[in-house]
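Inspection log for the structure reproduced underneath, given as C-alpha cells.
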Amino acid sequence: MKHLQKLTAPLILKWGYVFNNSKPTFGSFQKVRFYATAKKPKLKEEEEEECHIHRAVKKEAQAVLLDYLHSTRSLQFMDAEHMSKNSPFFLSNLLQRIDNENDIRRSLTRFLRYHPINEFEPFFESIGLKPCQYLPFLPRDLMFLNDDHRLLDNYHILCNYGISRNKIGRIFAEAPEVFRYDSGVLDLKLASFHGVGIDQSIVVKLVSASPHLLIGNVHKEFFQVVEELKKTGVEYSWIEEQLNGNSIDWSHLFELICFLNGLGLTDQQLGKLICQVPGLLFDCSGRTTFSLIGFWLKFGIQIPKLLYVFLHLPQIPLTTFIFNMRQCYQFLIEIEMPVLEIGNIIHSYPTLLGSCVLKKATSLLTTLNTGKKRLCSVIKENPEFLRNLVRGAKVERLPIAEEELRSKMMKTKFLLDLGFAENSSGMEKALKLFRGKGVELQERFDCLVNAGLDRKHVASVLKIYPQILNQRKEVLEAKIDFLLNNLGLPLSTLVSFPSYLNYTIPRTTIRLSMYNWLKDQGKVDPTLSLSTIIASSEKLFMKTYVNPHPKGLEVWQELKREIYPD
C-alpha cells in the first residue's frame, strides 16, 4: 500500500471532470454559426486552405524562392527546397506583391533583390504551422534564419534523426524550449531513449506524438512508465499505438500505475487489464480513471473492493463505461430513488451500471405501466433488472404487484357497492377517476355518511362527482365542519349543492366575505344561493359582483391579503 500514499488529492478529480472538460486538440478552433441570410464570412483558417495558385506560376515562384534562399541567403539546399515547396500561403502573398504577371520569374527575382523577406514565415509554414499558429512565434528583432543558430541547429538534429520536417511544427508549438537548447543537449535527450532499449523508429513516433518528452525531465518520467509497463509484459509498440497524436502527462500515468499496483494487482493482471481497457491509462493521461475512482469512493466503494471492480471491467472504451454509469446514476435520480439506495447499488453493482445503456426514464415508466415508487422497489430488490431496460431490448409491462392487486380488488368491491356493474365501461372509467386505495375510499365514503347524509344519496352523488372522494378524510371533515359551524348552513346544503366539497375553504371564505360586504352595501341580491357565489369562475365573479362597486376591488384585495397571507 506504499504506492497509495503517493496519490495526491488533485488526482482524485471531481466526477464532473470527465463530462464537463474536453482536451483541446492541436490547432483546433471554434466554428461559429451564423443565422443571417448574408454570405457567411470565412474564417482565417478557411482562407488559408484556399491558397490556390496556378501550377505553372507556382512552379516558377518556387524555383525563384529556392534560388533566393539557397544562393542569396546561403541556407542549406534541403532546407531551402523544403521551404519553397511547402509554404503555399506565404508564396501566394508574395505573388500578390508583384506587378508583372507575364514574367513571374523575372518579376519575383527583381522583387526579392530589393525587398528581403522574413524567412521565419516560410520556415514555420513549411514545418506544418499555419500563419494563425506561427504569428506569436515570429521573432521581433530577426528576419533571417541564419541569425538564429540554435533554432537551425536543433531543427537539423530532429531532421537528421528521422523526424519528418512537416511534423516538426507541432514540436515547436508544444515544446518551443527544444529549439533553444545549447549544442549537444538535444542529441543527449534523443540518445537517452536508446539507453533504455527503444528503437530509433519508435522514438521518432513517440516524440512526434508527445513533444513534451524532449522537455526537462519528462523523458525520465516516460522511462519510469515504460519500466513499470515492461514488468507487466506491455511492449513499446503497444504504447506507441495508444498515443494517437495526443500529448501525455507521463507523471500522472506513473502515479496511476503505482495506484493500481497498490491495489494488489499482479504484474500479469495489470498488463492484461491495461491491454483490454487502454483508456484506463491514456484517456486524459489517467485523469479519467482517477475521476472514476473518486466517484466510486464517494459512494462507499473501499480501496480493497476497487481491485475486484478493475479486474471485472467490461471490454468497452473507458469513456463509454463512465458515460453509461453517469446515465444510470441520472436515471436513478429521475425515478426519485433515495440517495442511500443509489449509493448501495453503485457500491454493489459498479460494473453493471457501466455496462447498461438505459432508455429514458419517462419512456420506461410509460412502457412498464408503473410509477416511480414501484420501479424503485423493483430495482432495489433486483438491480440486475436494469439489464432489461437497455436500449434495443424489448421492455414488457411489470406484472401487478400483490399489494397493488389487493388494493384494486378492494377498490372494485367498493365501486360494486356504489352500484357500478362489474366489468362495465363505467367501472373501468371509475377505477381511473377514483384515486386512492380501496380502504381509503371506503373511509372517505363513511365520513360523509357519518356526517348525516343518506348512504344511497351519497352513492348517487359520487357517480356524478367522483373527485369528491379523491380528498383525504381530514379535508372532507374540515369542509363539512366549516359549512355547519362557520357558515351556519344546514347539512341539507350538500344535498342540493354536493360539489361544495370540491372547493377549498379559503375560496369559499373570500367569496362569502365579499358577498356579505356587498349585501351590507345594498349592491347585491341578498337571496343568492351558495352555489351561485362560489361555483362561478373568478373572472365572472369579479365582473359581476366586485368591479361594479367603486370600492369593490379595494375590499377584494384586502380580503385576499387576510385570507391568503402568503
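Positions are given from 1, in the same order as the sequence printed here. The shown structure was predicted, so the numbers you read here are calculated from the model rather than taken from an experiment. Only heavy atoms go into these numbers, but all of them, side chains included; no hydrogens, no water, no symmetry mates.
- Contact record, Leu352 with Pro383: CD2-O, 3.4 Å, taken as the closest heavy-atom pair.
- Considering NZ of Lys380 and CD1 of Ile342, their distance stands at 12.5 Å, rounded to 0.5 Å.
- Contact of the Val357 side chain with the Gln327 side chain is not registered, since no non-hydrogen atoms from C-beta on lie closer than 4.5 Å.
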Inset, instruction - Quick one: do Glu125 and Lys130 satisfy side chain to side chain contact (heavy atoms under 4.5 Å, CB included)? Show the steps, please. - result: CA-CA 6 Å; Glu125 189 177 357; Lys130 294 179 180 178; over 6 Å; no
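- Side-chain N or O atoms of Thr320 include none that pairs as donor or acceptor with a backbone N or O of Ile316 at under 3.5 Å.
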Inset, instruction - Could you please spell out the steps behind the ring-ring contact (aromatic ring centres under 6.0 Å, His included) verdict for Phe222 and Phe254? - result: CA-CA 8 Å; Phe222 168 73; Phe254 181 69; over 10 Å; no
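- Between Ile335 and Ala361 the shortest heavy-atom distance is CG2-CB, 4.2 Å.
- Here CE of Met325 is found 5.5 Å from CH2 of Trp296. Values are rounded to the nearest 0.5 Å.
- Without hydrogens or angle criteria, Thr288 side chain to Asp283 main chain gives a donor-acceptor distance under 3.5 Å.
- A tilted orientation is assigned to the rings of Phe172 and Phe179, their planes being inclined by 30° to 60°.
- With hydrogens and angles disregarded, a donor-acceptor distance shorter than 3.5 Å links the side chain of Ser348 to the backbone of Asn344.
- Minimum heavy-atom separation, Leu386 to Leu358: O-CD2, 3.5 Å.
- Contact of the Leu306 side chain with the Leu297 side chain is registered, since non-hydrogen atoms from C-beta on lie closer than 4.5 Å.
- Proximity of Leu138 to Phe124: side-chain heavy atoms (C-beta onward) are separated by under 4.5 Å at one or more points.
- Two residues are said to be in side-chain contact when any heavy atoms from C-beta on lie closer than 4.5 Å; Val234 and Leu270 fail this criterion.
- The side-chain heavy atoms of Tyr181 and Lys189, taken from C-beta on, include a pair separated by under 4.5 Å.
- For Lys372 and Glu336, the salt-bridge test passes: some basic side-chain N is under 4.0 Å from an acidic carboxylate O.
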Inset, instruction - Take Ser201 and Asp199 through the side chain to side chain donor-acceptor pair (under 3.5 Å) test and state the conclusion after the steps. - result: CA-CA 6 Å; Ser201 60; Asp199 294 336; 5.1 Å; no
Inset, instruction - Begin from the C-alpha positions of Lys272 and Leu311 and carry the test side chain to side chain contact (heavy atoms under 4.5 Å, CB included) through to its verdict. - result: CA-CA 9 Å; Lys272 183 179 179 181; Leu311 287 175; over 6 Å; no
Legend entry - Test log, rule side chain to side chain donor-acceptor pair (under 3.5 Å), inputs Asn217 and Glu221: CA-CA 7 Å; Asn217 292 320; Glu221 296 167 352; over 6 Å; no
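- Ring orientation note: the planes of Phe123 and Tyr155 are nearly perpendicular, at an angle over 60° on the 30°/60° scale.
- Checked by atom type and distance alone, the side chain of Asp481 never pairs as donor or acceptor with a backbone atom of Glu477 at under 3.5 Å.
- Among all heavy-atom pairs drawn from Ala173 and Phe137, the shortest one is CA-CZ, 4.0 Å.
- With a 4.5 Å cut-off on side-chain heavy atoms, Thr370 and Val378 do not count as touching.
- One N or O on the side chain of Gln471 and one on the backbone of Leu501 form a donor-acceptor pair closer than 3.5 Å.
- A donor-acceptor pair under 3.5 Å is absent between the side-chain atoms of Ser363 and the main chain of Lys359, judged by distance alone.
- Here Phe89 and Tyr134 keep their ring centres 6.0 angstrom or further from each other.
- For the pair Gln276 (side chain) and Leu273 (backbone), a donor-acceptor distance under 3.5 Å is absent.
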Inset, instruction - Test side chain to side chain contact (heavy atoms under 4.5 Å, CB included) on Arg444 and Leu448 and set out the steps. - result: CA-CA 7 Å; Arg444 296 163 191 171; Leu448 298 177; over 6 Å; no
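- Counting non-hydrogen atoms of neighbouring residues, nucleotides and ligands closer than 6.0 angstrom, the CD atom of Gln268 reaches no more than 12 such neighbours.
- The pair Glu177-Arg180 fails the salt-bridge criterion, with no side-chain N (NZ, NE, NH1 or NH2) lying under 4.0 Å from an Asp/Glu carboxylate O.
- Looking only at side-chain heavy atoms (C-beta outward), Leu353 and Phe331 stay at 4.5 Å or farther from each other.
- At least one side-chain heavy atom of Gln200 sits less than 4.5 Å from a side-chain heavy atom of Tyr161.
- Atoms CG and CD, from Leu364 and Glu334 in turn, are 10.0 Å apart once rounded to the nearest 0.5 Å.
- In terms of heavy atoms, Ile215 sits closest to Ala175 at CD1-CB, 3.2 Å.
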Inset, instruction - Go through the steps to decide whether Asn86 and His82 satisfy the test side chain to side chain donor-acceptor pair (under 3.5 Å), and finish with yes or no. - result: CA-CA 6 Å; Asn86 294 278; His82 183 76; 3.2 Å; yes
Inset, instruction - Could you walk me through whether Arg150 and Asp148 pass side chain to side chain contact (heavy atoms under 4.5 Å, CB included), step by step? - result: CA-CA 6 Å; Arg150 288 183 178 179; Asp148 194 339; 4.2 Å; yes
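- Between the side chain of Arg165 and the backbone N or O of Ser126 there is no donor-acceptor pair closer than 3.5 Å.
- Ion pairing between Glu174 and Arg170 holds under the 4.0 Å rule for side-chain N and carboxylate O.
- Looking only at distances, no side-chain donor or acceptor of Ser210 sits under 3.5 Å from a matching main-chain atom of Leu206.
- If you take CD1 on Ile379 and CG on Asn382, they are separated by 9.5 Å, rounding to the nearest 0.5 Å.
- Atom OG of Ser208 and atom NZ of Lys167 lie 5.5 Å apart (nearest 0.5 Å).
- The nearest pair of heavy atoms linking Val203 to Phe193 is CG2-CB, 3.5 Å.
- Note: His252 NE2 to Phe290 CZ = 8.0 Å, rounded to the nearest 0.5 Å.
- No side-chain donor-acceptor contact under 3.5 Å links Asp267 to the backbone of Thr232.
- Counting non-hydrogen atoms of other residues, nucleotides and ligands closer than 6.0 Å to OH of Tyr503 gives a total above 12.
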